[in-house]
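Below: one structure, written as structure tokens.
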There are 4 protein chains.
Amino acid sequence: MPEPTPGPTPGPDRPRRRQARGERRVAQLLDAAARVFCATGYTAASTNSIAREAGVSPGTLYQFFPNKEAIAVELGDQLLTRWQDTYGRALMPDHLGLPLDRLMDAVIDPLIQFNRENPAFAVLMHGSDVPGQVTREHDALHSSMLARVEDILGDYLPDTPKAETARIAHMLFTVFKAGLALILAAEPDERDAYTTELKRVLLRYIQPLVEDCGPPCRADAPRSAG
Amino acid sequence: MPEPTPGPTPGPDRPRRRQARGERRVAQLLDAAARVFCATGYTAASTNSIAREAGVSPGTLYQFFPNKEAIAVELGDQLLTRWQDTYGRALMPDHLGLPLDRLMDAVIDPLIQFNRENPAFAVLMHGSDVPGQVTREHDALHSSMLARVEDILGDYLPDTPKAETARIAHMLFTVFKAGLALILAAEPDERDAYTTELKRVLLRYIQPLVEDCGPPCRADAPRSAG
Amino acid sequence: MPEPTPGPTPGPDRPRRRQARGERRVAQLLDAAARVFCATGYTAASTNSIAREAGVSPGTLYQFFPNKEAIAVELGDQLLTRWQDTYGRALMPDHLGLPLDRLMDAVIDPLIQFNRENPAFAVLMHGSDVPGQVTREHDALHSSMLARVEDILGDYLPDTPKAETARIAHMLFTVFKAGLALILAAEPDERDAYTTELKRVLLRYIQPLVEDCGPPCRADAPRSAG
Amino acid sequence: MPEPTPGPTPGPDRPRRRQARGERRVAQLLDAAARVFCATGYTAASTNSIAREAGVSPGTLYQFFPNKEAIAVELGDQLLTRWQDTYGRALMPDHLGLPLDRLMDAVIDPLIQFNRENPAFAVLMHGSDVPGQVTREHDALHSSMLARVEDILGDYLPDTPKAETARIAHMLFTVFKAGLALILAAEPDERDAYTTELKRVLLRYIQPLVEDCGPPCRADAPRSAG
DNA sequence: GATGAATGAGGATTCATTCAT
DNA sequence: TATGAATGAATCCTCATTCAT
């Protein structure tokens, strides 16, 4: 009797059991989905095209995913896990003491590297083209990353109110996502320059905030109520 | 006076003189399109839904626009014109000498105001959800705005190489678009705070650049090859 | 008070009156229709495209023709008249005594010439692409021409039963139409050869028939019940 | 035995193995298409009407055919094959030595018989109603039949230049198609008479040509450059 | 007369999803 | 499991025709 639900999040609403072959199929399908999402965007991607790209029939796809959204969600999960396994987990503990500019390199460079290798990550983080509309497809990825930013930022700004940290983190993450898209879309020989520029934007934004909280610093824009 | 237009086949770009009713319909349709684009995004918006929203039949829509793309293009043109007529034209000449923080207010506040009143503007500027893919729909709006940023920036950084100015402008505009989306999506009582934050990001990014070119200043990150 | 209905066939179901301007419009429209029919075929031709080609609005077209079919019918009438005025009427009386091969030249050459100048003639004669379906659009042209063939043939075969003459005429006309299409579609430098060939087909077909009825002749296929 | 087809994206022309049901559907759809093409002609036939006639949904049709053209092409292929299997293949080898009139019977009678049983054949051979426009839909059928005519004719006219044989074959085939349409459209009690007549046309046309190449014969129209 | 606006059913085609095998 | 078949509503777009101006 094989283990019924070995995968992650075996919640009550996911009765689909995966065994060896199944896991391979899922990987196949998620790979295909990543490719299709990158090529055509989430909205325009069709389940049939994903199945075709994966070399399986539509029916097979639906044996593993209840609908298109679930594919995006699971792809997001997988990419997040892959990110954490590859760079993320290794990243954090050590770097918390770094000076800001070093931190920036330590955070941004792997992120960009990872996104170059997994362009679907950016697609899913970005969400659909409806601004301000949070969809379940992208939410997990998005909020998980955002939470990480908040965590790190919280460590650097221990005395700042939660709400404000959240806002700053949101802004940081938003700017990063936009810059990332710019970098990924740039001509290859421009990418490094854009990367440098993105780091500058982010660094200059948070540097004063962090200095505010430490030794005497020149507050170029005194913080008050937002 | 018989036959005002006697010549046959007067070329494909015949002025196609529209009657008053037609002008009204076009406005109606563009309004409807703006609403639908905001509600569902450009990709998911269907011509039929736009026609329905406008209260006309699909055929009527196609009497004025050859396809969905044309609607977006014309809506973009209209919004751009409206922007220039409302704020844009008034904006520029005066403010070129302003200190940066005042410039920021002078530029960002009207833009956000305008986007609040015309949320389709942001949708069209943002483009589709396929990253790095330029579509004719959004290009006019996008490049027009970008060009303005480049212009203004060029005035403030006269000694910087063109390529670098372009890059900085691109980054500025990208960050602005992202921040704008954040502001528009934010809870109403958070919007001002996010606006302040966005200005901070932008200001801190360009302040050192501008100071570099003027009086002695503390260059926190000396510029070299990008 | 201008003459109300000067045109031909002022039947009771055609109350549309035409005056000077109107006649010009009709000519314009029929010219345009001829061009469009030739370019796309009758079925695919749209009234809107005809109006566009004529440089008028759809409404104007419908002021002169109740529907698409009527355009084809009237175009057929016009072409038939033009044919008769140009070649047809002049043709007949003189040639009735000609030997067959001369008759053939006298009939076929002008017909081909006329069709080269008025390619819509062939389109309308040919009818739609539904074989064996007679449509009002093409019927007038078709049966008028066919009747002429029958007439001429009747003169050459006075002793042959009506039904047989009709059949032979039908076959002759059918072959002619097909050969005509072949000639019109042929490469320019092939047209004369195809024309010669078509005449050969027709001539060899009727020569024995005619000889049967006259002087002694070798009946290569004795006629009996059809 | 797990996963019989492990390779992903096995090329666009993957055999696309069809299940029994699918084969039946294809046959059903081609049958329906044949009926609709005969009833309304190719141009006016709609994929929806074909699907309706076949008793399936539009989506089902598109699972087997990418578009209307493909239906016509496949139907043409099928009819051609059916023709060759039924009459064509049996026909040829034996009859090459036959006297012309017997050959005519041997060729024309089965053709007419087959077309009576498969009237779509004629529709597809005939092509659209745009004269001189070759469409992929009809080309296969048309050129295949034409090639056969050329072959046979070449055997009877071995000394005639290729270009001339081609022209004669083209004319023969054209006349046959036209006569066939006439026969199919004729009243049932007229059909045999029309068939006889068609054979007469064709026979009289080629008889002199063939005799030219053999024993002394009366050349009623000496051949020279076309 | 002339125009352009308006219609709405119908065209081809796609797609997320379910089902029989 | 895996497959391909099946669905039918929805997609974009066209067209013959009518109507208000």
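Below, chains carry the letters A, B, ... as their sequence lines are ordered, and counting in each starts from 1. For clarity, every value in this text was computed on a predicted model and none was experimentally measured.
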Subject >> Nucleotide F:dG8, atom P - distance to CD of D:Q63 in whole Å >> reply: 14 Å

Subject >> Euclidean distance, D:L75 CG relative to D:H138 NE2, rounded to 0.5 Å >> reply: 10.5 Å

Original post:
Of all heavy-atom pairs between A:A72 and A:Y42, which one has the smallest distance, and what is that distance?
Top reply: CB-CE1, 3.6 Å

Original post:
How long is the span from the CD atom in B:E74 to the CZ atom in B:F64, to the nearest 0.5 Å?
Top reply: 11.0 Å

Original post:
Looking only at heavy atoms, which two atoms of C:V36 and C:S49 are closest? And how far apart?
Top reply: CG1-OG, 3.6 Å

**OP:** Rounded to the nearest angstrom, tell me the gap between atom CZ in C:R25 and atom P in E:dG1.
**Re:** 10 Å

Original post:
Along nucleotides 10-17 of chain E, 5' to 3', which nucleotides get a B, which get an S, and which get a -, given that the test is a protein heavy-atom distance under 4.0 Å?
Top reply: -SBBBBBB

Subject >> Dot-bracket line, read 5' to 3' along DNA chain F, where crossing pairs take [ ] and | marks a partner on another strand, Watson-Crick or G-U under 3.5 Å >> reply: .||||||||||||||||||||

**OP:** Hey, could you give me the CG/CG distance between C:L30 and C:L79, rounded to the nearest 0.5 Å?
**Re:** 8.5 Å

Subject >> Value rounded to 0.5 Å, distance of NZ in C:K68 from OH in C:Y62 >> reply: 8.5 Å

Original post:
Taking atom P of F:dC13 as reference, at what distance in whole Å does atom CZ of B:F64 sit?
Top reply: 17 Å

**OP:** Figure out the CD/C1' separation between D:E23 and E:dT21, and round it to whole Å.
**Re:** 15 Å

Subject >> Separation of F:dC15 C1' from C:Y42 OH (nearest whole Å) >> reply: 13 Å

**OP:** Give the minimum heavy-atom separation between D:A120 and D:C38, together with the two atoms involved.
**Re:** N-SG, 3.3 Å

**OP:** Measure from CG on B:L61 to C1' on E:dT7 and round the result to the nearest Å.
**Re:** 13 Å

Original post:
To the nearest angstrom, how far is C:E137 atom CD from F:dA16 atom P?
Top reply: 12 Å

**OP:** Would you please confirm or rule out a distance under 4.0 Å between OP1 or OP2 of F:dT7 and any side-chain N or O of D:S57?
**Re:** yes

Subject >> Separation between CG of C:L61 and CG of C:N67, rounded to the nearest 0.5 Å >> reply: 10.0 Å

Original post:
Can you tell me how far the CD atom of B:E137 sits from the CD1 atom of B:I71, to the nearest 0.5 Å?
Top reply: 10.5 Å

